[in-house]
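Read through the structure below, which is laid out as structure tokens, and then see the notes.
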Amino acid sequence: MSDLEKKGRIFDIQRYSIHDGPGIRTIVFLKGCVLRCRWCCNPESQEYEIQTMKVQGEDKIIGSDVTVREVMEEVEKDRAYYYRSGGGMTLSGGECFCQPEFATALLREAKERGLHTAVESMACAPWEDIKAALPYLDLYLMDIKHMNPVKHKEFTGRSNELMLENARRVALSGQTKLVIRVPVIPTFNATIEEIQEIARFAATLPGVEKIHLLPYHRLGQDKYTGLGREYGMEGILPPSAEDMEALKKAVHAVCNLDCQIGG
């Protein structure tokens with residue numbers, strides 16, 4: 001079977017994004033994730049199965065099976081914008097490496113068409129699955145949520161050892177540009193000490209120059225109601241702009257990484 005006929009399961013394709021890699025991008029959201037982060041803004045991404053979610057009182061089917069060819073036809077619609085802005089295609093989720101063959105086929109096809117490629121990923125997948133995609137990947141936007149394995153498991157359902165080891169392996173490979181992203185979550189990691197610990201680790205990764213601090217938000221809260229699920233961060237307020245600036249300064253105090261809020 002050729003790459004173009006390989007099938008995978010997605011739940012959305014978002015065009016004209018400017019926050020998930022350089023330039024104007026098309027984001028392909030793959031279904032499936034092994035983590036259960038309490039603050040997840042895409043809870044419909046977690047289950048691989050096709051679901052029904054209430055959206056404004058109406059049933060909406062979440063998930064569809066598509067071929068690489070079908071996805072690339074949608075991605076190609078904005079080629080002119082990619083060319084002018086330096087944009088391209090980003091795979092997101094969920095965890096896109098929960099569908100490793102499909103993800104790699106999409107990245108390989110995009111590179112063959114001359115498009116810039118990126119993934120948003122927690123690296124919570126077997127190393128061999130990630131390694132197979134690296135030759136076709138220009139930018140890896142990797143979440144690192146916490147350095148403490150016990151607290152990581154408490155808030156996400158999984159320990160962090162595999163993810164940290166994969167971060168080291170991706171950095172050492174030298175095959176892709178690696179940017180570390182930290183979701184800043186009150187009650188989980190939004191203290192100076194915890195953010196500095198992540199920054200120190202990021203600074204040890206060869207080639208890493210940037211760390212992005214992503215402030216917690218509640219934009220996905222209504223989706224939990226639509227899925228008949230309880231929202232695990234009820235009553236937790238997002239960090240203030242002042243809090244985020246203090247954390248940014250704390251990162252600069254312990255390492256020379258370019259730190260930005262958002263991205």
Side-chain angles (χ1 to χ4, degrees), residues 19-22 33-35 37-41 90-93 95-97 116-127 129-131 133-134 137-156 158-217 238-239 241 243-263:
H19 299 295
D20 306 276
C33 187
V34 296
L35 299 184
C37 302
R38 295 183 187 179
W39 60 89
C40 181
C41 62
T90 299
L91 302 186
S92 189
E95 169 56 72
C96 57
F97 288 117
H116 184 277
T117 59
V119 298
E120 298 176 311
S121 161
M122 291 78 70
C124 191
W127 167 243
D129 291 341
I130 296 172
K131 180 181 177 182
L134 293 181
L137 184 58
D138 295 309
L139 174 63
Y140 200 134
L141 300 166
M142 184 182 294
D143 272 18
I144 294 182
K145 307 174 193 299
H146 209 287
M147 295 303 295
N148 184 299
V150 175
K151 196 168 187 181
H152 195 282
K153 185 174 183 179
E154 178 186 356
F155 278 76
T156 73
R158 289 284 185 103
S159 188
N160 61 358
E161 289 93 346
L162 174 63
M163 289 162 268
L164 296 179
E165 179 59 27
N166 282 339
R168 293 187 186 95
R169 286 177 161 179
V170 170
L172 288 168
S173 77
Q175 290 184 276
T176 186
K177 184 176 180 181
L178 178 60
V179 172
I180 300 303
R181 306 204 303 180
V182 184
V184 177
I185 314 297
T187 73
F188 174 55
N189 66 1
T191 68
I192 286 176
E193 293 76 17
E194 287 166 310
I195 294 297
Q196 284 184 330
E197 191 175 8
I198 297 171
R200 289 189 185 97
F201 172 77
T204 69
L205 301 175
V208 171
E209 299 175 354
K210 294 183 179 180
I211 183 168
H212 296 173
L213 303 180
L214 310 180
Y216 162 69
H217 59 76
D243 290 339
M244 293 301 299
E245 284 296 331
L247 293 175
K248 179 179 176 180
K249 290 179 181 178
V251 169
H252 287 150
V254 297
C255 68
N256 293 321
L257 296 179
D258 176 16
C259 180
Q260 68 181 55
I261 298 171

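For clarity, every value in this text was computed on a predicted model and none was experimentally measured. Note: hydrogens, waters and symmetry copies are ignored here, and every other heavy atom, side chains too, is used.
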K151 atom NZ, over 12 foreign heavy atoms within 6.0 Å: yes

P22 side chain near H116 side chain, heavy-atom distance below 4.5 Å: yes

Distance, nearest 0.5 Å, that separates NE2 of H212 from CD1 of I180: 10.0 Å

Audit row: H146, F155, ring-ring contact (aromatic ring centres under 6.0 Å, His included) steps and yes/no: CA-CA 10 Å; H146 209 287; F155 278 76; 8.2 Å; no

Test side chain to side chain contact (heavy atoms under 4.5 Å, CB included) applied to H217 and C41, step by step: CA-CA 8 Å; H217 59 76; C41 62; 3.7 Å; yes

Side chain to side chain, L214 and V182, heavy atoms closer than 4.5 Å: no

Shortest non-hydrogen separation from R158 to C124 and the atoms involved: NH1-SG, 4.3 Å

pair Q196-V251: side-chain heavy atoms closer than 4.5 Å: no

Neighbour count above 12 (heavy atom, 6.0 Å) for H19 NE2: no

Check against side chain to side chain contact (heavy atoms under 4.5 Å, CB included), I261 and M244: CA-CA 7 Å; I261 298 171; M244 293 301 299; 3.7 Å; yes

Exercise: identify the closest heavy-atom pair between L139 and G21: CD2-CA, 4.0 Å

Main-chain N/O of L35 paired with T156 side-chain donor or acceptor, under 3.5 Å: no

Check: S159 and H152 side chains under 4.5 Å, non-hydrogen atoms: no

Polar side chain donor-acceptor pair, S121 to E95, under 3.5 angstrom: yes

Smallest separation among heavy atoms of A190 and V184, with atom names: CB-CG1, 3.7 Å

N/O donor-acceptor pair under 3.5 Å between D129 side chain and A125 backbone: no

Heavy-atom check, side chain of V119 versus side chain of L137, under 4.5 Å: yes

Sidechain-backbone polar pair: T90 side chain, D20 backbone, donor-acceptor under 3.5 Å: yes

Criterion side chain to side chain contact (heavy atoms under 4.5 Å, CB included) on C259 and K210, from CA distance to verdict: CA-CA 6 Å; C259 180; K210 294 183 179 180; over 6 Å; no

Value rounded to 0.5 Å, distance of OH in Y140 from CG in L178: 8.5 Å

Test item: E197 side-chain N/O and M147 main-chain N/O as donor-acceptor pair under 3.5 Å: no

Backbone of D138 reached by a side-chain donor or acceptor of T117 within 3.5 Å: yes

Spacing of T191 atom OG1 and D243 atom CG [to the nearest 0.5 Å]: 11.5 Å

Rounded distance (nearest 0.5 Å) linking atom SG of C37 with atom NZ of K145: 4.0 Å

Note, R200 side chain near C255 side chain (heavy atom, < 4.5 Å): no

Salt bridge present between K249 and E245 (N-O < 4.0 angstrom): no

Residues R168 and E165 bridged, charged N to O under 4.0 Å: yes

Side-chain touch L162/N166, heavy atoms, less than 4.5 angstrom: yes

Student check: side-chain heavy atoms of P215 and P238 closer than 4.5 Å: no

Electrostatic pair R181-E120, nearest N-O below 4.0 angstrom: yes

Spacing of I195 atom CD1 and L247 atom CG [to the nearest 0.5 Å]: 5.5 Å

Inter-residue atom distance L257.CG - I211.CD1, 0.5 Å rounding: 6.0 Å

